Amino acid sequence: MTEYFQDRSEIFESERILKESYTPNDLPEREEQLKRLGLEVLSPVLNDAPPHNAFLYGKPGQGKTAAARFLLEELQEEVDERSGINLTTIFQTCKGHHSSYQVACDLVEQLTGDNPNGHPKRKVFARLYDALQEIGGIVVIVLDEVDNIGNKDMILYELPRARDNSHIEDMDVSVIGISNDMTFYEELDPRAKDSLCEVEIHFPPYDADQLRSILNRRSEKAFVDSAVTQEAIALAAALAAQDLGSARQAIRYLYKAGEFAALNDEPQVCEEHVRKAEDHVEQMNIAQSIRDLTIQDQLALLALTSLATGNETPAPTPEVYSRYTDITSHVDTNSIAMRRVRSHLHDLDMIGVVSGAKRSGGSRGGPKYYWELNTDLDTTVNVLTEENRFNDVLSLIDRP
DNA sequence: TCTCCACAGGAAATTGGGGGTT
DNA sequence: AACCCCCAATTTCCTGTGGAGA
């Protein structure tokens, strides 16, 4: 083997198991939710009746999608053993979609092969219903990350009511919505809530003990025997529990820790590796969320970063704005109004990259916001300067 | 105490672009 | 080519807030 590659088999038995795409086939920590989903929602199918509509919610990495996938597969197997029931399940992630229109287009594409984007809304839905009619029987549509499409949206009550509104005949459509966002449910249109949320199942964050047993189960398959210390697993579980209580996060820590151990040619993953992994993963998360920002968001962040390097934060909005206009005059972009920059700053606050504090009473009274970076300055600078045209802006302005 | 000013932020209108049809 | 639909970002317009200074 050349020096370019490394044999990681000392540490990893099967890395695949640690990847995001891996769906576990048992979820003992979600026994309660699985039971409810099975008994209260899906059971009618075995009697050739449509399942109830359901809404699964909880923070990311709580096994919502895994639970839905797992149980629908089980259900399909059950159904296959009996004759006379025609069940189809459709998984559709709403990630990156901001409206039911796009989701409907994607569904049509998934079912028929071509995307009706551009056609009037009514036509798109008509084609969706046609496609569903074509399938017939019982169709379960799982809309993952529905919170993406906004809560005033019609698809959420259109689909569950398709039959009532005579869009389809002699068949049934049920919808299982999955949401990461707790507030989404509360703000949902009452009509949508009514039809979609016949059964609501909450997925509370895992605690450290649960995360530890999840990690144990995963690492038994993924790592070579005794390549991971119990202390390392306990630490990864504890760190993730403190933060988001997300299994995805905990697994990411452990995977990265394993990679660090492998890189250093160490035979065992220990606490030290987990700590390094946590730090690394967090930096990567921040970096990625900055990369995903729009140009104007990045420019607003750049303005604040520039103020931060000169120790001028927290800074009130007008100061950030004036730094912003300084920057845009050096960079090949158009500058936008303060009103807009203000809302960009709020957006950045929502993501957690900056934080704004409202204080009343500046020199002139009235409410006033003071902004500061909420992330590591070096990481922020590094990521922002990845963008070529931002490259020397910071030094041009006031880099010490 | 009253008025004014600088900022906050909601709402509506505008812009521009990507997809399409006829 | 002229036109339609949908969407996101932005601008424009406007009202609300509350201490400073008259």
Side-chain angles (χ1 to χ4, degrees), chain A residues 92-131 143 145-159 181 183-184 187 189 289-304 307 312-329 331-351 353-372 387 389-390:
Chain A
Q92 173 64 48
T93 170
C94 306
K95 198 173 195 166
H97 295 322
H98 302 285
S99 70
S100 62
Y101 183 84
Q102 293 168 338
V103 173
C105 285
D106 267 22
L107 280 170
V108 172
E109 184 173 19
Q110 200 184 133
L111 296 174
T112 69
D114 55 28
N115 195 315
N117 202 332
H119 291 267
K121 209 175 215 166
R122 242 181 267 110
K123 259 191 191 171
V124 173
F125 273 84
R127 289 191 56 185
L128 177 57
Y129 293 130
D130 285 349
L143 294 176
E145 310 197 37
V146 271
D147 42 316
N148 275 276
I149 67 176
N151 46 33
K152 39 152 194 9
D153 225 305
M154 23 107 62
I155 198 170
L156 296 178
Y157 59 85
E158 277 282 324
L159 274 180
D181 184 354
T183 60
F184 175 75
E187 290 167 12
D189 182 303
S289 61
I290 294 175
R291 276 186 213 105
D292 289 343
L293 296 170
T294 63
I295 291 290
Q296 290 296 347
D297 275 321
Q298 289 182 345
L299 285 165
L301 181 59
L302 191 59
L304 192 60
L307 288 167
E312 295 170 59
T313 50
T317 316
E319 268 180 48
V320 180
Y321 184 66
S322 97
R323 183 61 56 96
Y324 164 86
T325 49
D326 288 350
I327 288 172
T328 51
S329 64
V331 183
D332 182 27
T333 43
N334 48 334
S335 64
I336 54 177
M338 176 148 82
R339 175 73 191 83
R340 195 66 196 121
V341 172
R342 199 152 48 214
S343 34
H344 279 299
L345 286 169
H346 278 289
D347 292 346
L348 294 172
D349 191 337
M350 292 291 266
I351 304 167
V353 189
V354 312
S355 66
K358 197 177 196 169
R359 291 186 209 162
S360 60
S363 57
R364 269 296 178 207
K368 203 170 178 176
Y369 265 94
Y370 285 79
W371 303 95
E372 61 188 321
E387 176 79 30
R389 52 177 158 171
F390 295 169

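Labels below follow one simple rule: chain letters A, B, ... track the order of the sequence lines, proteins then strands, and each chain is numbered from 1. Only a predicted model underlies this, so the values are computations on that prediction, with no experimental measurement involved.
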### Task
Quick one: label P316(A) by what it contacts on the DNA or RNA (base, sugar-phosphate, nothing), any heavy atom closer than 4.0 Å.
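Contact class for P316(A): none.
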
Holding to side chain to side chain contact (heavy atoms under 4.5 Å, CB included), I want the full list of residues that pass it with [X], two or more places apart in sequence or in another chain.
X       : value
Q298(A) : L293(A), I295(A), L384(A), E387(A), F390(A)
T328(A) : L299(A), Y324(A), T325(A), T333(A), S335(A)
D130(A) : none
R291(A) : A287(A), Q288(A), V383(A), E386(A)

### Task
Check the side chains of D292(A) and S289(A) for a donor-acceptor pair under 3.5 angstrom, ignoring hydrogens and angles.
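Result is no, nothing qualifies.
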
### Polar contact flag, side-chain donor to acceptor under 3.5 angstrom, T317(A)-W371(A)
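The criterion, which ignores hydrogens and geometry beyond distance, is satisfied for W371(A) and T317(A).
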
### Task
Taking the side chain as every heavy atom from C-beta outward, state whether R323(A) and L302(A) have any atom pair closer than 4.5 Å.
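In short, these two side chains do not touch, never coming nearer than 4.5 Å.
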
Please give, in whole Å, the distance from [N] [atom2] to [X] [atom1]?
X       : N       : atom1 : atom2 : value
K358(A) : dA6(B)  : NZ    : C1'   : 14 Å
L293(A) : dA8(C)  : CG    : C1'   : 16 Å
R359(A) : dG19(C) : CZ    : P     : 15 Å
W371(A) : dA8(B)  : CH2   : C1'   : 10 Å

### Task
Examine R342(A) relative to Y369(A) and say whether NZ or CZ is less than 6.0 Å from the centre of the six-membered ring and inside a 45° cone about the ring axis.
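No, a cation-pi geometry is absent between R342(A) and Y369(A).
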
### Query
Reckon Y369(A) has a side-chain N or O less than 4.0 Å from the OP1 or OP2 of dG9(B)?
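Affirmative; the distance criterion is met.
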
### Task
Heavy atoms under 4.0 Å is the rule here; annotate nucleotides 9-16 of chain C 5' to 3' with B where the base is hit, S where only the sugar-phosphate is, and - elsewhere.
SBBB----

I'd like a list of close polar pairs between nucleotides 13-16 of chain B and the protein, N/O only, cut-off under 3.5 Å.
none

